[in-house]
Protein chains: 2
Amino acid sequence: MATDRDSVLLAAVGILSRQPTAAMDDIARAAGISRATLHRLFPGRDALVREAAGLALRRISAALDAAAIEDGDPVQAVRRLADAAVPHAAEAAFLTGESRLFDDSEIWASWERMDARVAELFLRGQQSGAFRVELPAAWLSEAFFDLLAGVGWAVQEGRLAPRASTTALTELFLGGALRRDQQP
Amino acid sequence: MATDRDSVLLAAVGILSRQPTAAMDDIARAAGISRATLHRLFPGRDALVREAAGLALRRISAALDAAAIEDGDPVQAVRRLADAAVPHAAEAAFLTGESRLFDDSEIWASWERMDARVAELFLRGQQSGAFRVELPAAWLSEAFFDLLAGVGWAVQEGRLAPRASTTALTELFLGGALRRDQQP
DNA sequence: ATCTGATGAGACATGGCTATCGCACTTGCG
DNA sequence: CGCAAGTGCGATAGCCATGTCTCATCAGAT
């Protein structure tokens with residue numbers, strides 16, 4: 001069953017987002033299976049990481065779809081995006097951490113495609129006058145994913161309450177750290 | 001000379017911020033010395049990474065000192081902080097990437113101390129009414145360093161112009177993505 | 001010019017992780 | 001009840017990076 005593989009992959013993501021170099025032993029233990037079974041499911045460590053990255057990308061992309069980021073008011077779209085993406089913050093943390101450990105052209109292309117979709121949303125928002133034009137859309141996209149990964153790390157290490165994470169991401173990203181009535 | 005060791009360490013930071021698992025071979029090549037000399041300078045990989053982390057932390061802490069973040073208006077202090085910290089974005093990227101690969105209690109304590117200083121700054125700003133109180137000071141600190149590391153990665157990979165990086169960090173962090181006159 | 005100290009290049013042993021295999025065990029089904 | 005499929009456990013082989021060593025070379029000092 002594919003569900004079985006996916007549950008193993010998600011366990012792998014959970015460990016690898018915290019320890020990007022965790023041994024197959026650790027991954028197997030985290031997934032509740034033995035090393036042998038892990039190797040029966042995936043032909044090797046590279047394949048495992050690749051599939052985990054693919055799954056993480058699919059899930060986050062599905063979140064973009066669910067948030068319908070191409071539709072409607074850009075600001076509301078970003079709010080929907082944050083709502084839909086925060087549950088996958090651990091996947092984002094895994095991808096940011098692992099992208100520098102393992103570079104696969106296919107994975108990279110998939111990431112770029114997702115990044116481009118988000119950048120397009122910000123560009124749309126800039127053209128509509130909602131977002132600040134001083135900040136490049138590509139940087140907004142980069143920063144959004146960095147903060148999403150940061151949420152993942154902070155939640156995993158207990159520095160941020162899961163319930164507060166969506167607000168933390170949305171409010172900081174959209175409104176910044178300054179109080180509104182204090183802004184010049 | 002200590003300068004010699006430091007220049008090697010900075011080269012190591014440069015590589016390890018991009019490839020946290022780079023081999024001693026790669027680090028030596030990046031530093032322009034041989035593997036043998038690298039081992040003469042540092043008793044092992046752990047020691048090298050530890051010293052590199054220590055140097056990075058000292059340099060970023062020095063930036064906090066230079067910015068005098070404990071003094072004056074909190075908002076101006078954050079602007080000074082960003083100005084002083086952006087040149088060390090690569091070090092921040094190295095630390096965020098490596099912190100999950102190598103945990104040393106001393107390094108961790110040093111990081112915590114620095115994080116606490118920044119969190120204190122945000123707390124001060126919240127008490128003075130400049131910063132939003134809905135966002136925990138600890139989260140603001142975490143987010144600031146995440147964005148700083150993000151700036152480091154984006155610059156290294158050519159997605160962000162170095163000249164624009166300070167503005168990108170300061171403006172997004174302080175003011176958020178929304179246009180001010182659009183904020184409710 | 002010679003000596004000294006440091007460096008680079010390469011060989012070598014070691015350890016940890018990976019990947020595979022064989023065997024015993026459980027689970028579910030006929 | 002017995003069979004088949006899947007799983008866990010242990011052993012094993014191989015690989016890659018690390019760490020150490022030796023030796024030749026080079027630059028600077030005397």
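In what follows, chains carry the letters A, B, and so on, assigned in the order in which the sequence lines appear, proteins first and then strands, with residues in each chain numbered from 1.
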(message) Does this structure show an ion pair linking A:R59 with A:D6, if we count only N-O contacts that are shorter than 4.0 Å?
(response) no
(request) Run the salt-bridge test on A:D71 and A:R80 with the 4.0 Å N-O cut-off and return the result as yes or no. (result) no
(message) Suppose we call two aromatic rings close when their centres sit under 6.0 Å apart. Are A:W111 and A:F145 close by that rule?
(response) yes
(request) Measure the distance from CZ on A:R29 to P on C:dT18 and round it to the nearest whole Å. (result) 12 Å
(message) Between C1' on C:dG22 and CZ on A:R40, what's the gap in Å once rounded to a whole number?
(response) 10 Å
(message) Expressed as a whole number of angstroms, how long is the span from A:L38:CG to D:dC9:P?
(response) 14 Å
(message) Quick check for you: to the nearest 0.5 Å, what is the distance between B:E51 atom CD and B:L41 atom CG?
(response) 9.5 Å
(request) May I ask you to decide if the ring planes of A:F173 and A:F122 are parallel, tilted or perpendicular, using 30° and 60° as cut-offs? (result) tilted
(request) Provide, to the nearest angstrom, the distance between the CD1 atom belonging to A:I27 and the P atom belonging to C:dC17. (result) 12 Å
Extract from the structure each pairing of a protein N or O with an N or O of nucleotides 14-20 of chain D at less than 3.5 Å, listing the distance.
unit_1: D:dT18; atom_1: OP1; unit_2: B:M24; atom_2: N; d: 3.3
unit_1: D:dT18; atom_1: OP1; unit_2: B:R45; atom_2: NE; d: 3.0
unit_1: D:dT18; atom_1: OP2; unit_2: B:M24; atom_2: N; d: 2.9
unit_1: D:dG19; atom_1: OP2; unit_2: B:H39; atom_2: NE2; d: 3.4
unit_1: D:dG19; atom_1: OP2; unit_2: B:R45; atom_2: N; d: 3.0
unit_1: D:dG19; atom_1: N7; unit_2: B:R35; atom_2: NH1; d: 3.2
unit_1: D:dG19; atom_1: O6; unit_2: B:R35; atom_2: NH2; d: 3.3

(message) With a 4.0 Å cutoff (strictly under), does any side-chain N or O of B:T37 reach OP1 or OP2 of C:dG8?
(response) yes
(request) For A:L48 and C:dA19, give me the distance from atom CG to atom C1', rounded to whole Å. (result) 13 Å
